[in-house]
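Input: a single structure, listed below in structure tokens.
Owing to the predicted nature of the structure, the values given are computational and were not obtained by experimental measurement. Residues take their numbers from the sequence shown, with the count starting at 1. Heavy-atom basis, side chains included; hydrogens, waters and symmetry copies ignored.
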Amino acid sequence: ECAFHSTNAICAALGAAAVVFAASSGGASAAGVRLLIWFGLEGLLFLVGVAFHLAASAYSSAFIRLDARNYIGDAFIFLALMIRVGAPLAHVWFKDAVRHASPTGAAALTAFSTSLGVYALARLFPAELFLIPVGVAMTAIGLLFAVAEDDLRAAAAAGLSAVTGVCVMLIGVGSPLALAAAAAEA
């Protein structure tokens, strides 16, 4: 299962970067490089987390439900997923990538990039209480940026960040209905 998550993250990162690099708008190549840096940091955190997780003697190699509060490896995986969903302080990659991608690429980025993180959070960290304030902050920041933007693509990206924040908040609640609602939205 770890290889499945890692392979999906790598393919998503390379696909998202290719979509940004393929755009003909000015600044697309710099935005693609910044996107690769953010996803490289995410991949590094995820790799370190998996290494710590597998090295812990109390754990098996199964990734069923992780505990970010008590295990350092799980905390690294949690931080990697915070980058993937665009949590506060790590949300800039999403707006930057969508703004500089082609129109079709921007639609693909908004549809698939954060959904992978929402899925992984729902599988690995259901009912993690820290996700509730993170989701509230994502929603508030996304709504504020969506209202303040004059570029339609950036406003749409900020709006999607707000919707992703609702999903993150629902995962933090962790009830079966909340998890189903987060999965349906993602």
Side-chain angles (χ1 to χ4, degrees), residues 1-53 63 73 75-125 131 134-135 137-138 141-142 145-146 149-168 171 182-183 185-186:
E1 191 166 335
C2 173
F4 173 74
H5 287 298
S6 299
T7 304
N8 279 346
I10 291 169
C11 290
L14 292 177
V19 163
V20 175
F21 281 126
S24 61
S25 65
S29 60
V33 169
R34 289 189 297 270
L35 180 68
L36 284 177
I37 290 170
W38 275 104
F39 282 169
L41 177 62
E42 175 203 3
L44 182 64
L45 288 171
F46 196 82
L47 180 66
V48 168
V50 168
F52 274 120
H53 178 82
F63 281 76
F76 277 109
I77 293 171
F78 184 80
L79 289 174
L81 293 177
M82 290 293 99
I83 292 174
R84 173 59 66 176
V85 297
L89 303 178
H91 67 284
V92 294
W93 69 265
F94 186 65
K95 258 179 48 178
D96 187 37
V98 170
R99 178 178 282 168
H100 290 95
S102 66
T104 306
L109 280 174
T110 57
F112 299 114
S113 60
T114 57
S115 297
L116 179 64
V118 169
Y119 167 74
L121 278 176
R123 288 281 309 257
L124 300 176
F125 296 100
L131 289 175
V134 168
M138 286 176 68
I141 291 170
F145 277 123
E149 284 292 340
D150 58 350
D151 180 21
L152 185 59
R153 276 198 222 169
L160 184 65
S161 180
V163 171
T164 304
V166 171
C167 292
V168 169
I171 293 168
E185 179 60 40

Next on the checklist: Within the structure provided, determine whether Met82 and Val134 are in side-chain contact (heavy-atom separation under 4.5 Å).
Outcome noted: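 Yes; the side chains approach each other to less than 4.5 Å.
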Next on the checklist: Could you check whether any side-chain heavy atom of Phe46 comes within less than 4.5 Å of a side-chain heavy atom of Arg84, counting everything from C-beta outward?
Outcome noted: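 No; the side chains remain at least 4.5 Å from each other.
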My understanding is that only residues two or more places apart in sequence, or in another chain, count here; which of them pass side-chain contact (heavy atoms from CB on, under 4.5 Å) with [X]?
| X | answer |
| --- | --- |
| Ala154 | Arg99, Glu149, Asp151 |
| Leu45 | Leu41, Phe76, Leu79, Ala80, Ile83 |
| Ala182 | Cys167, Leu170, Ile171 |

Item to check | salt bridge (charged side-chain N to carboxylate O under 4.0 Å, His left out): pairs with one or both residues in residues 14-25, sequence neighbours excluded | outcome: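 Of all non-adjacent pairs touching residues 14-25, none passes salt bridge (charged side-chain N to carboxylate O under 4.0 Å, His left out).
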Item to check | Selection residues 10-32 - residue pairs positive for salt bridge (charged side-chain N to carboxylate O under 4.0 Å, His left out), sequence neighbours left out | outcome: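 Checked against salt bridge (charged side-chain N to carboxylate O under 4.0 Å, His left out) - neighbours excluded - no pair reaches residues 10-32.
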Item to check | Residue Phe52 excluded, over 12 heavy atoms near CZ under 6.0 Å | outcome: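 Atom CZ in Phe52 is not crowded, with 12 or fewer foreign heavy atoms closer than 6.0 Å.
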[X] versus [Y], closest heavy-atom pair with distance:
| X | Y | result |
| --- | --- | --- |
| Lys95 | Ala157 | CG-CB, 4.0 Å |
| Ala23 | Ala101 | CB-C, 3.7 Å |
| Ala158 | Ala146 | CB-N, 3.5 Å |
| Val19 | Gly105 | CG1-CA, 3.1 Å |

Checklist entry - Could you walk me through whether Leu109 and Val20 pass the side chain to side chain contact (heavy atoms under 4.5 Å, CB included) check? => result CA-CA 9 Å; Leu109 280 174; Val20 175; 3.9 Å; yes
Checklist entry - If you round to the nearest 0.5 Å, how far is CZ of Phe94 from OG of Ser161? => result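 Spacing of OG (Ser161) from CZ (Phe94) equals 7.0 Å.
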Donor-acceptor contacts under 3.5 Å from residues 27-40 side chains, at least two apart:
unit_1: Arg34; atom_1: NE; unit_2: Asp96; atom_2: OD2; d: 2.7
unit_1: Arg34; atom_1: NH2; unit_2: Asp96; atom_2: OD1; d: 3.0
unit_1: Arg34; atom_1: NH2; unit_2: Asp96; atom_2: OD2; d: 3.0

Item to check | Leu160 backbone acceptor or donor facing Thr164 side chain under 3.5 Å | outcome: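 Such a contact is found between Thr164 side chain and Leu160 backbone.
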Checklist entry - What residues form a salt bridge (Lys or Arg N to Asp or Glu O under 4.0 Å) with Arg153, not counting sequence neighbours? => result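 Arg153 satisfies salt bridge (Lys or Arg N to Asp or Glu O under 4.0 Å) with no other residue.
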